[in-house]
Each structure stands twice: as structure tokens, then as C-alpha cells.
There are 2 protein chains.
Amino acid sequence: MSDLPYQSAHDRVYRGLRQQVMHGELAPGHALTLRGIGKSFGVSMTPAREAVRRLTAEGALSMSASGRVTTPELNRDRIEELASIRALLEPELASRALRRAHLALIDRMEVINETNARAVYRQEPIEYIRTNLEFHRTLYLRAQSPAMLGLLETVWLQLGPTMRALYTRLRRTTAPPHHRMILEALRAGDDAALRLALRMDVTQGLRHLQG
Amino acid sequence: MSDLPYQSAHDRVYRGLRQQVMHGELAPGHALTLRGIGKSFGVSMTPAREAVRRLTAEGALSMSASGRVTTPELNRDRIEELASIRALLEPELASRALRRAHLALIDRMEVINETNARAVYRQEPIEYIRTNLEFHRTLYLRAQSPAMLGLLETVWLQLGPTMRALYTRLRRTTAPPHHRMILEALRAGDDAALRLALRMDVTQGLRHLQG
DNA sequence: CATGCTTGAGTGTGATCACAAATTCCTCAC
DNA sequence: GTGAGGAATTTGTGATCACACTCAAGCATG
């Protein structure tokens, strides 16, 4: 008997799709079908439909009036709104994590940040997005605020395909400059500096997008 | 042919359940069954299941390991966290709505507030919750920030059953005191006062809960 | 050559069913 | 009266199916 946590078919499909969307593996506007999803996960339409409904509710996918499922194509206003939500939630989460952030955590974030920098150098957008989110999530998990982190993750989900499009478009060659600021503020225990660093980190990536 | 907006079976069930939860029509811990939901909405299990999955993802319902569906029973920590999320989002939404809040809007809010006060006087918790949320939503709709309002509504959803329990328990007899402050700040165009009024309004209801 | 229509494949929706797991309820022993 | 054990009912899960609708290609018509 296996000790692996059992997960239902619906859950496997949900998690799989969710990761693909959040990590930017799917371009904006990418079309999906229930039968196709079912086939690729080895399940019938029923669990595929449930996973899609759930992801649609979270804004990770969008449905046309006829029920066709695609990855969302966000307009400029929506992107800016989502960015400002990040700018609201992430400094708060970081601040809550600050008092609990001991050295081992900061070291782990440092390692993740190096992997992230490597992904930038190698021009691997998916890996870049993945490690960038992991850098942030590692910190926020310490905030002990599951509801707030949950909300933030749905924001990340909605931005997934757009981030992929942005990062493949502008082919950046330098690592996120504010990660160092975040790490230093954490080491110094400086709440104000930490909040500022996060607001800047969150805002800067989306600053040079054209309408 | 009818011009009424067609809504799928899944959508009718989702909206119906969502309203019941958000307005506090269901006590915390209330159990639901897919077949029961289906019967009460006149549909089969399939759309009922999709609606439940979606509401579960939004935190409006919780599922046991065996798949049993109940209304969530929040502990004190979770309630406080959700309240602090409200305290973060609602002043921001109000502030964004401020510049667009013309007199007709404030008058509408005034009317809603009177209905709300009547519900307090008559000791009708569901009607109280409903009109209270309507008061806030009427304002926030003017913020033109659909994503942020969407996040906030999932927070309201999660708090629905708890609010019902709180308001039936403490049988309040006075209308929410800060609604007047909100209206006055709107009339004065005073951003700082508006933000403060909202933070207080959001926090006060949940202040005297015992662990 | 352009335009409108038809046809066909493809797609989402909702109902139903078989099955396994869980829960409930009753019975019986102590 | 009380608790344990087992049977019967209830419940969620996932597969399958019929159906209606959508969309695009191809044809015929102007």
C-alpha cells in the first residue's frame, strides 16, 4: 500500500492545469477542450469539466458565451488593476512574515533567487516565472495568513499567461533588481524598507507594457 | 422567444447557493448533499456538483475528506484574518470610488442604509446582512475595479455563515454606527476620513467575538 | 470572383448509471 | 441501560450517452 496522498481525478486535473496557467506555460488566448484535457490527463470529461469550472471561477481561464474555454487575454486596465492588488497584498504579507523570518528562511530565498537569476540568463521564461513566484511564496508562507495568500495566488493565476507573454516579448537579461533589496530588508528587520522593496518589485515588471 | 438572459443549470444553482451562503441564510456547519441541492433546484447531480466545486474553491463551502459538503465553521484566527483583509481592501475600493461618487449615488446609499437600520430594529439578521453588503457594494461598484471587488466578494462569502451566527447571537439593536461617517466623508470628499470610516466599520462588527 | 448557405465534425451540457466508501440505524449481547 | 457490531441506506465519484449548439470548410449561386 502506498502512503502517497490520494488525490481524486478532479484534483489531479485541477492542479495540473493550474500549474500550467500560473507558470505561464500557456500563451494568452490558448484554446482548450474538455475532451482534450480529459485525454491528456487520462480521465473522462466529468473531472475535466469540474477542474475547468473551478479555474474559470478563479479567473485562470475564461469561457466564451458558447462555453469555449481559453486562457484569458487581459487588457491594459485589468493588468494594472491586478498589479495594484499585488502591490496591496504582498507588502502586507511580507510585513507579517518579517518577524518570523529567521536566517534559514532567508538563505533558502537566496538559493531560489540564484536559480531565478540563472533562468533569466538562460532566457527561460517559464522557469523564470516559476522561481520568481517560489521566491515570493517562500516568504509569504511565513506570514501564517492562509486566506490572504490564497487570494494572492488567484491574482498570480490570472496574470500567468500575461506574464509569459510579457517576459518572452521583452527578453530581459537582468535578474529582478529588487530581490536583493527584499533580502537586505529582511536581514535588517526593516519593515518599511521591506514594504517598499516589495511594492517596487511587484510594480516594475509590469511598468513597461504598451497598451 | 424570451429576451431573458439564459443561464445554464449550473449557473442557477451556483448563484442560488452563493446568495444563501453570502447572506447568512445557512448556519456554520450546515450540511448539504448533491442530490438534495439538485432536487431543490430541479436539476440533476451534475450541475449541482459543479456549483459546489466552485463554491468550495471560493471558500464558501468546505468539503470533508470523504467529500461531504458543509458550510464552513471558522476559527477565531481565520475570522480575524478575513476581517483584516476586508480592512485592507475596502478602504482602497472606497477611495477609488470617491472621485466618481456623485450625489445620486450617495442618496441611493442613504436609502439602503435606512432599510438596513430597519432590519436591525426588526431583528432580521439575513436582511441586515444583505442590506449591509448592498450598502458597501453600491459604493465599491463605482471604483471600477472588478478584480478587486471580486476578491472582496469571496471574502464576504467566506464570512457569510459566521456573520449570521454572530448577528443572531449578539442581537444588536443599534444600526452600524460608522455608516453615517462613511456618508459624510463621501459628501465632504475627504479621502482620509473615508478610509478611516471604512476600516472602523469593517472591524467593529467582529470585535467582540469570543474565541 | 465574391457571397451566402449547407453540411459535417467538433464541443459543451446535463442526465443517468454503476460502484465504492461512508454514515446511519438497528439489533443483540453484556 | 450501554456499547459494539453489522446491515441497509445514503452519499460522492467518474464514465458514458444523447442532444443542441457552434464553427469552419466547401459548395453552389449570383
Side-chain angles (χ1 to χ4, degrees), chain A residues 1-21 26-73 161, chain B residues 1-21 26-73 161:
Chain A
M1 241 182 235
S2 161
D3 281 46
L4 291 175
Y6 169 75
Q7 41 184 21
S8 58
H10 152 263
D11 226 49
R12 261 183 304 132
V13 177
Y14 171 74
R15 278 205 247 274
L17 279 180
R18 179 184 144 102
Q19 173 167 314
Q20 287 180 25
V21 174
L26 273 35
H30 184 89
L32 296 168
T33 66
L34 296 183
R35 287 173 175 85
I37 293 168
K39 185 174 292 184
S40 84
F41 284 91
V43 300
S44 79
M45 293 173 59
T46 310
R49 215 166 10 150
E50 293 174 23
V52 164
R53 274 268 148 73
R54 198 169 152 186
L55 289 164
T56 302
E58 294 174 345
L61 298 174
S62 54
M63 276 174 80
S64 75
S66 66
R68 262 20 187 253
V69 182
T70 63
T71 273
E73 303 183 84
Chain B
M1 244 181 232
S2 161
D3 281 45
L4 291 175
Y6 170 76
Q7 41 183 20
S8 59
H10 152 264
D11 226 48
R12 263 184 302 133
V13 177
Y14 170 75
R15 277 205 248 274
L17 280 180
R18 180 184 145 102
Q19 173 167 315
Q20 287 180 27
V21 173
L26 273 36
H30 183 90
L32 296 168
T33 66
L34 295 184
R35 288 173 175 84
I37 293 168
K39 185 174 292 184
S40 84
F41 284 91
V43 299
S44 80
M45 294 173 58
T46 310
R49 215 165 14 150
E50 294 174 21
V52 164
R53 274 269 150 71
R54 197 168 151 187
L55 288 164
T56 301
E58 294 173 345
L61 298 174
S62 54
M63 276 174 79
S64 75
S66 67
R68 256 33 184 252
V69 182
T70 63
T71 272
E73 303 183 84

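In the text below, chain A, chain B and the rest are named by the order of the sequence lines, each starting its count at 1. Excluded from the calculations below are hydrogen atoms, water molecules and symmetry mates; all remaining heavy atoms, backbone and side chain alike, are included.
- Annotation: of the two residues near DNA chain D, A:Ser64 and A:Ser8, the 5′-most nearest-nucleotide partner is A:Ser8.
- At a cut-off of 3.5 angstrom, the base of D:dA15 holds at least one donor-acceptor pair with the side chain of A:Thr46.
- Nearer to the 5' terminus of DNA chain D, by closest-nucleotide assignment, is the contact made by B:Thr33 (compared with the other of A:Ser44 and B:Thr33).
- Remark: C1' of D:dT13 and CG of B:Leu34 are 9 Å apart, rounded to the nearest angstrom.
- Contact check for B:Leu61 versus B:His30: no side-chain heavy atoms found under the 4.5 Å cut-off.
- Rounded to an integer number of Å, the gap from CD1 of A:Ile37 to P of C:dT13 is 11 Å.
- Closest approach of A:Glu73 and A:Pro28 over heavy atoms only: CG-C, 3.8 Å.
- The CE-P distance, from A:Met45 to D:dA18, rounds to 14 Å in whole Å.
- The base of D:dG14 is paired with the side chain of B:Arg49 by a donor and an acceptor separated by under 3.5 Å.
- Checked by distance alone, A:Arg68 brings no side-chain donor or acceptor within 3.5 Å of a matching partner on the base of C:dG12.
- Whole-Å rounding puts the A:Met63 CE to D:dC21 P distance at 16 Å.
- For the pair A:His10 NE2 and D:dA15 C1', the computed distance is 16 Å after rounding to whole Å.
- Regarding A:Arg35, its CZ atom lies at a distance of 12 Å from the C1' atom of D:dC21, rounded to whole Å.
- With rounding to whole Å, A:Leu61 atom CG is found 15 Å from C:dG12 atom C1'.
- Taking CG of A:Leu34 as the reference point, atom CZ of A:Arg68 lies at 10.0 Å (rounded to 0.5 Å).
- Contact of the B:Ile37 side chain with the B:Leu17 side chain is registered, since non-hydrogen atoms from C-beta on lie closer than 4.5 Å.
- C:dT11 atom C1' lies 13 Å from atom NZ of A:Lys39, rounded to whole Å.
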